[in-house]
> 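Before anything else, here's the structure in question.
Letters A, B, ... are given to chains in the order of the sequence lines, protein chains preceding strands, and every chain is numbered from 1. All values below were derived from every heavy atom in this structure, side-chain atoms included, with hydrogens, water molecules and symmetry-related copies excluded.
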Amino acid sequence: MENLLQFIKDNMDMIYLIVLMIFVGIELISHVPSVLHTPLMSGANAIHGVVVIGSIIVMGQAENNISLILGFLAVVLGTINVVGGFVVTDRMLEMFKKKK
Amino acid sequence: MENLLQFIKDNMDMIYLIVLMIFVGIELISHVPSVLHTPLMSGANAIHGVVVIGSIIVMGQAENNISLILGFLAVVLGTINVVGGFVVTDRMLEMFKKKK
Amino acid sequence: MQQNFLQVIYLIGSITFIAGLKYLGNAKTARKGNIIAAIGMTLAILGTIFLYENSEGIRLQNLGLIFGGLILGSLLGYIAAKRVQMTAMPEMVSLFNGMGGACAMLISLIEIQHFTSHGIDINSMPKGEFLIIIIGMIIGSVSFAGSIIAWGKLSGKINDKSFGLQQMINIGLLIVIFGLAILAIVSGGEYTTQMFYGVLVLSLLYGILFVLPIGGADMPVVISLLNSFTGVAAACGGFLYDNKVMLVGGILVGSAGTLLTMVMCKAMNRSLINVLIGNFGGGAASAAAGSSSVQGTIKEIKASDVAILMKYAKKVVIVPGYGLAVAQAQHVCHELETLLESEGVDVKYAIHPVAGRMPGHMNVLLAESNVSYDKLIEMEEINPEFATTDVVLVVGANDVVNPAAKSDPTSPIYGMPILEVENAVNVIVNKRSMKAGYAGIENELFYKPKTSMFFGDAKKALTELVSEIKSL
Amino acid sequence: MQQNFLQVIYLIGSITFIAGLKYLGNAKTARKGNIIAAIGMTLAILGTIFLYENSEGIRLQNLGLIFGGLILGSLLGYIAAKRVQMTAMPEMVSLFNGMGGACAMLISLIEIQHFTSHGIDINSMPKGEFLIIIIGMIIGSVSFAGSIIAWGKLSGKINDKSFGLQQMINIGLLIVIFGLAILAIVSGGEYTTQMFYGVLVLSLLYGILFVLPIGGADMPVVISLLNSFTGVAAACGGFLYDNKVMLVGGILVGSAGTLLTMVMCKAMNRSLINVLIGNFGGGAASAAAGSSSVQGTIKEIKASDVAILMKYAKKVVIVPGYGLAVAQAQHVCHELETLLESEGVDVKYAIHPVAGRMPGHMNVLLAESNVSYDKLIEMEEINPEFATTDVVLVVGANDVVNPAAKSDPTSPIYGMPILEVENAVNVIVNKRSMKAGYAGIENELFYKPKTSMFFGDAKKALTELVSEIKSL
Ligand SMILES: NC(=O)c1ccc[n+]([C@@H]2O[C@H](COP(=O)([O-])OP(=O)(O)OC[C@H]3O[C@@H](n4cnc5c(N)ncnc54)[C@H](OP(=O)(O)O)[C@@H]3O)[C@@H](O)[C@H]2O)c1
Ligand SMILES: NC(=O)c1ccc[n+]([C@@H]2O[C@H](COP(=O)([O-])OP(=O)(O)OC[C@H]3O[C@@H](n4cnc5c(N)ncnc54)[C@H](OP(=O)(O)O)[C@@H]3O)[C@@H](O)[C@H]2O)c1
């Protein structure tokens, strides 16, 4: 119990950040028209591609071949997620624009 | 410039907290029907009464009479804000409840 | 251990504030939201009293006095909130807001006093801390002084006062305040304490001058703005004591309050700048009222004729406005409604979002006299219904039924959505005279062939109407 | 100094993510939102590469390989995204999502590998760190494997597979995975590494088994769910490296994605539990389709008769559905519309929010064939218009026009709002057979006297119709 409290105290800022982010995420979505669900999902998909930063960090500290190979793979996959995600979202949204 | 960056770095968690709170605050309000504006204002008014905590802290460390008197005043005023705020909001909302 | 526990309590408090405000935004959950936030607040306050330790591990002293203050404040707050008339709620909120501002101001004062009373040079205080203290004080005292003036104006104790250079003086004052504050922080000279008190006095003065010229009817907007100020002042306290719950509560109210202010302005079809500088809700309104541009003849109607019209109508819509609130005619209005219903007439109320002088004013007012919630129909819903309405009874409303908002692009209310009462078969307007309403403009509706004017104070007129219907 | 600068870049990145997602929620600003988030992402990635230092102040190595990976990934992602057919977008999103999950999984793998390759006992790793690594790996690999299966199902490469104890096995598997993970963290024995790899394999297996039995038509919901999983996995990375932008991006997608999943379920009138366990979009549907409860006679109509009806109508409403997408008939549909318009017929499309197989499917599909946005009318708006419509042409839609949703409380789609086409003068339904749609239920509409069935593949039937109208 004391351990837990200490852990919570030490990570208080993180916890506030997480709690607030959850509120923000929920509020942002709750008033969205259903036509936009698919582009929104796709945009969110691109955003979680931010995980590629983790793979860059890990790759930049890799020392042996296995790490290098796995890291390279991770960077490639993460980048596909990011770039593909944003581009495909843009393509979807392009179709929504008002045409005369 | 370096000073500024250092300051920002040191208070990064605070800055994230503030930025996120601003987002949360704005999102919470932007879809509220206008009938609820007054109770909402009143409820928010009660919430900022949280400043009373500051007066309690200051009062608990007061050493001379001036501090004690001013501190006491601060606690009283802050408490009026909190209690009055919540009670008056509740009274307003009571009127909104559906009657058969 | 206890400190960690306190942090958890603060986290819970912060979450209740956010969740509470979220629930407050929905009619169904609003009351629950208020209670949730109140519980979180109680937790945070009690937690602070019993668990707080400063950086040297010392607990809070003076617990007796603290509890005394809490109890006294609770009593005063509770009684004030319970006693206040429903129609006087906005000024009550303003008064409470002023107390919060004063609290923030006092905290800064005590912090400085604390420092100087130990004979330490105030200039040795860390600059960051001093900055926060002084910002908290400026905002707190502007909010305090401004709220008191707003309260005075709304409760009729203070009149609008504006003089020529008002805006110039205010801007100049602001510059002096911030100049002096910066000087106090960076100069390091021997007059720092004096400068600090100078800033205090000027801030209070600014608060007064800032609110004084604003029209009484714009007060809800101003109160909302001052409300968000106090939020920022509370957040300064949070910074000062590295106290998360104060920070969260303060910033939340600061940002939500600012947006709410803007939303309120928008509902009245005005810009914030306009409210703060324009001075249009006050003097200008009465001035403009003199110059009448609409011409035509009006038709008067007597209570007995109104009674006949209404009794034999199938469907009646009552449009309440500011005049109903002023005359305190909500109870007799409800009586009229039940009387007509018992005669088989279908009666509804058409609620315009900014009828009255605060958002939701009509809902609160009519709910007070036990009108059923289902009878209060929002503008968007009732507008199509006017076409099938036999009699519309406008009671003390004016701007919200002014067709100029739709037809006249030069009108100050152009663009504001209105209640389209002209689509009904008969329109009866009750007010005391041909005087203008809040926006200070003529109303073409009164001159339409369909419209009959039923002059008199709302309470008297409706009472007469009720007895006429009874005697039919 | 540079580290501080990097933190500021991360802050900017975080804000762009939030603002971007906010803008994405509004049709007018959506594209801008996407671009804003993309710019923030680019900043964050470049900032990391050039400014990142670990706690010992060492810069990133292997920059060549990193850039190689970035360029290769960008090329592949760009080409895939540009080449994909509009109708294949959902599976593309799923595939990209899988890549993100795999990336998170690999990060955890490398972290462990990094540790063990130095010959250090894995049990000496700080517990907190190990916990985060293992959680990131579990979620990442479930998301990876699940997304690949979802992609396979949507693109028709994998069929629905469900067997009796599926749910039991899945739950059991979950328990084993978490048990093993906890054991690996706390036991401290010599098999920790093996347990870790065991967890990896089982997580991948779980991802496969979790998605395999879910009906193909429920895939959008599942993809959205897996999307939020990957968000959480990314947030784990943020925890691990104390990296705020990963944390913000990850949690944002995690929470927004979860809510989006629920909202999507609601629009289809199903609960999430139902989607995950119910298996109703797949096998059950075809099964139920056999048992017909609605009886009656149907009326067939030929293309030439439809052509006459439509050409001489004043107002035609086209109701597109899943069949239109399957048949890729959007272009000929647009041709039909312009043809009719040139004959003076008023043509509109009625867009049901869940017509097709993904939200907004019909909008995207018709926009692809250059149908003007103004012609796409949302359900709430078009429903009152059917009463004044001469001909409704239903193309490959079924559930969204099924009156059982309004009249039959026992129907699985009861309560879902539908397009009330029966109010029109004539209803013409184009589909290939009398088979049921997604919900696997009969449609009474087809048996109504007003309704005529125009059988055939949508593309062929509409092409025929167009040439018939031209030859009139
Ligand atoms: N709701 C808000 O949040 C808010 C806030 C600030 C401003 N406003 C503004 O306030 C206005 C509200 O419109 P409204 O139609 O409700 O009010 P209004 O336009 O101000 O008109 C009120 C009318 O009531 C009459 N009246 C006053 N006392 C009366 C009495 N004792 N008995 C009978 N009639 C009486 C007045 O005419 P006589 O003097 O001839 O009797 C006046 O014309 C809008 O312009 C709105 O923008 C609203
Ligand atoms: N939009 C979403 O996000 C989403 C996601 C998942 C599920 N759903 C569900 O999907 C359903 C959507 O309703 P809906 O009315 O669009 O579709 P539907 O109810 O699935 O009906 C589609 C109809 O199109 C016909 N069809 C198939 N191929 C065709 C072709 N080549 N040419 C002509 N007709 C063809 C089929 O009948 P034949 O076989 O006789 O031709 C079928 O009855 C709803 O139940 C909704 O809940 C929607």
> Where on C/Asn243 is there a heavy atom nearer than 4.5 Å to chain B: the side chain, the backbone, both, or neither?
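Contact with chain B is through the side chain of C/Asn243 alone.
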
> Let's go through B/His37 and C/Leu260 carefully: what are the C-alpha distance in whole Å and the side-chain angles of both, what is the deciding distance for side-chain contact (heavy atoms from CB on, under 4.5 Å) to 0.1 Å, and is it a yes or a no?
CA-CA 7 Å; B/His37 285 171; C/Leu260 187 59; 3.6 Å; yes

> Heavy-atom cut-off 4.5 Å, strictly under: side chain, backbone, both or neither for C/His361 against chain B?
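For C/His361, no heavy atom lies under 4.5 Å from chain B.
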
> Side chain from CB out, backbone as N, CA, C, O: work out which of these in C/Phe17 comes under 4.5 Å of a heavy atom of chain B, or both, or neither.
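Answer is both: backbone and side chain atoms of C/Phe17 are under 4.5 Å from chain B.
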
> Supply the atom-to-atom distance C/Leu72 CG to B/Phe72 CZ, rounded to the nearest 0.5 angstrom.
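Atom-to-atom, C/Leu72:CG and B/Phe72:CZ are 5.0 Å apart.
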
> Looking at B/Ala44, B/Gly78, B/Ser30, which makes the most heavy-atom pairs under 4.5 Å with chain C?
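It is B/Ala44.
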
> Tell me, for C/Tyr10 versus chain B, whether the close heavy atoms (under 4.5 Å) come from the side chain, the backbone, both or neither.
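For C/Tyr10, the side chain is the part near chain B, not the backbone.
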
> I'd like to verify something: which residue of C/Thr261, C/Asn54, C/Leu109, C/Leu63 has the highest number of heavy-atom pairs under 4.5 Å with chain B?
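That would be C/Asn54.
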
> State the CD1-CG distance between B/Ile56 and C/Asn62, to the nearest 0.5 angstrom.
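Spacing of CD1 (B/Ile56) from CG (C/Asn62) equals 12.0 Å.
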
> Given that the side chain runs from C-beta out, which part of C/Met92 has a heavy atom under 4.5 Å from chain B: side chain, backbone, both or neither?
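The answer is the side chain of C/Met92.
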
> Can you tell me how far CD of B/Glu94 sits from CG of C/Asn34, rounded to the nearest 0.5 angstrom?
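One finds 11.5 Å between CG of C/Asn34 and CD of B/Glu94.
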
> Which pair of non-hydrogen atoms, one from C/Pro220 and one from B/Met41, has the smallest distance, and what is that distance?
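Here C/Pro220 and B/Met41 meet closest at O-SD, 4.0 Å.
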
> Are C/Met41 and B/Val50 packed together at the side-chain level, in the sense that at least one heavy-atom pair is separated by less than 4.5 angstrom?
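Answer yes - side chains close enough.
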
> Counting only heavy atoms from other residues, nucleotides and ligands, does the tally under 6.0 Å from CZ of C/Phe115 exceed 12?
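Atom CZ in C/Phe115 is crowded, with more than 12 foreign heavy atoms closer than 6.0 Å.
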
> For C/Ala80, is it the side chain, the backbone, both or neither that has a heavy atom under 4.5 Å from a heavy atom of chain B?
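The answer is neither part of C/Ala80.
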
> Name the option with the most non-hydrogen atom pairs under 4.5 Å to chain B; the candidates are C/Gly249, C/Ala37, C/Gly231.
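That would be C/Ala37.
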
> Less than 4.5 Å to any heavy atom of chain B: does that hold for the side chain of C/Thr48, its backbone, both, or neither?
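Just the side chain, heavy atoms under 4.5 Å.
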
> Apply side-chain contact (heavy atoms from CB on, under 4.5 Å) to the pair B/Leu68 and C/Leu65, showing each step before the final yes or no.
CA-CA 8 Å; B/Leu68 276 178; C/Leu65 270 176; 3.8 Å; yes

> Determine whether C/Arg31 and B/Thr89 satisfy the following criterion, side-chain contact (heavy atoms from CB on, under 4.5 Å), listing intermediate values before the conclusion.
CA-CA 8 Å; C/Arg31 242 185 132 182; B/Thr89 310; over 6 Å; no

> With a 4.5 Å limit on heavy-atom distance, are the side chains of B/Val76 and C/Leu76 in contact?
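Of all side-chain heavy-atom pairs linking C/Leu76 with B/Val76, at least one is under 4.5 Å.
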
> As an exercise: rank C/His118, C/Arg59, C/Met105 by heavy-atom pairs under 4.5 Å with chain B and give me the winner.
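Result: the option with the highest number of such pairs is C/His118.
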
> Indicate the atoms forming the closest heavy-atom contact of C/Leu60 with B/Ile57, along with that distance.
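What the structure gives for the nearest pair is CD2-O, 3.7 Å.
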
> For the candidates C/Gly68, C/Ser14, C/Pro353, C/Ser74, which exhibits the highest count of non-hydrogen atom pairs separated by less than 4.5 Å from chain B?
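Top option by heavy-atom pairs under 4.5 Å: C/Ser74.
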
> Could you check whether any side-chain heavy atom of C/Val263 comes within less than 4.5 Å of a side-chain heavy atom of B/Val32, counting everything from C-beta outward?
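No; the side chains remain at least 4.5 Å from each other.
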
> Taking all non-hydrogen atoms of both residues into account, name the closest pair between B/His48 and C/Ala234 and its distance.
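Answer, listing the atom of B/His48 first, then C/Ala234: O-CB, 3.8 Å.
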
> If I take atom CG from residue B/Leu70 and atom CD1 from residue C/Ile110, how far apart are they, to the nearest 0.5 angstrom?
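The distance works out to 5.0 Å.
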
> Enter the distance from C/Leu252:CG to B/Ile22:CD1 here, rounded to the nearest 0.5 Å.
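These two atoms lie 10.5 Å from each other.
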
> By a 4.5 Å heavy-atom criterion (distance strictly below it), what part of B/Leu28 contacts chain C: side chain, backbone, both, or neither?
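Only the side chain of B/Leu28 comes within 4.5 Å of chain C.
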
> Where does C/Tyr241 contact chain B at under 4.5 Å (heavy atoms): side chain, backbone, both or neither?
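Only the side chain of C/Tyr241 comes within 4.5 Å of chain B.
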
> Can you tell me which of C/Ile35, C/Val93, C/Leu75 forms the most heavy-atom pairs within a distance under 4.5 Å of chain B?
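When all of C/Ile35, C/Val93, C/Leu75 are compared, C/Val93 has the most.
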
> Do B/Leu93 and C/Leu24 touch side chain to side chain, with heavy atoms closer than 4.5 Å?
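Heavy-atom side-chain distance check passes, below 4.5 Å.
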
> Contact part of C/Leu226 toward chain B, heavy-atom cut-off under 4.5 Å: side chain, backbone, both or neither?
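For C/Leu226, no heavy atom lies under 4.5 Å from chain B.
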
> Run the ring pair (Phe, Tyr, Trp, His ring centres under 6.0 Å) test against C/His334 and tell me which residues pass, sequence neighbours left out.
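Here no residue qualifies.
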
> Ignoring hydrogens, what is the shortest heavy-atom contact between B/Val75 and C/Leu70? Give both atom names and the distance.
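Between these two residues, the closest heavy atoms are CG1-N, 3.8 Å.
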
> Could you state the interatomic distance from CG (C/Leu106) to OG (B/Ser55), rounded to the nearest 0.5 Å?
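Atom-to-atom, C/Leu106:CG and B/Ser55:OG are 8.5 Å apart.
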
> Counting only heavy atoms closer than 4.5 Å, note whether C/Lys28 contacts chain B via side chain, backbone, both or neither.
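Answer is neither: C/Lys28 stays 4.5 Å or more from chain B.
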
> Between chain C and each of B/Gly71, B/Ala62, B/Gly54, count heavy-atom pairs under 4.5 Å; write down the option with the most.
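Between B/Gly71, B/Ala62, B/Gly54, the count favours B/Gly54.
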
> Does any non-hydrogen side-chain atom of C/Phe239 lie less than 4.5 Å from one of B/Ile18?
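Side chain of B/Ile18 against side chain of C/Phe239, heavy atoms only: contact under 4.5 Å found.
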
> Around atom NZ of C/Lys127, are there more than 12 heavy atoms from other residues, nucleotides or ligands closer than 6.0 Å?
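Correct, the count exceeds 12.
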
> Answer whether the closest heavy-atom distance between the side chains of B/Glu63 and C/Gln61 falls below 4.5 Å.
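Counting from C-beta outward, B/Glu63 and C/Gln61 never come under 4.5 Å.
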
> A quick test of your reading: do over 12 heavy atoms of other residues, nucleotides or ligands sit less than 6.0 Å from OH of C/Tyr52?
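Enclosed.
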
> Mind checking whether B/Val58 and C/Gln113 have side chains closer than 4.5 Å, heavy atoms only?
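Contact flag for B/Val58/C/Gln113 side chains = no.
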
> Looking only at non-hydrogen atoms, find the nearest pair between B/Ile26 and C/Ser255 and report the distance.
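Smallest interatomic distance, heavy atoms only, reads N-OG, 4.0 Å.
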
> Please evaluate residues B/Met14 and C/Asp242 with respect to the criterion side-chain contact (heavy atoms from CB on, under 4.5 Å), reporting the C-alpha separation (whole Å), side-chain torsions for both, the decisive distance (0.1 Å), and the verdict.
CA-CA 9 Å; B/Met14 283 285 178; C/Asp242 194 9; 3.2 Å; yes

> Quick one: what part of B/Val82 sits under 4.5 Å from any heavy atom of chain C, side chain, backbone, both or neither?
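For B/Val82, the side chain is the part near chain C, not the backbone.
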
> With no hydrogens and no angle check, do the side chains of C/His114 and B/Asn64 hold a donor and an acceptor under 3.5 Å apart?
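Their side chains do not contain a donor-acceptor pair, so the 3.5 Å distance test is not met.
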
> Shorter than 4.5 Å, heavy atoms on both sides: which option in C/Gly136, C/Ser224, C/Cys103 has the most such pairs with chain B?
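Between C/Gly136, C/Ser224, C/Cys103, the count favours C/Cys103.
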
> If I compare all heavy atoms of B/Met21 with all of C/Ile251, which pair ends up nearest, and what's the gap?
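Closest heavy-atom pair between B/Met21 and C/Ile251: CB-CG2, 3.6 Å.
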
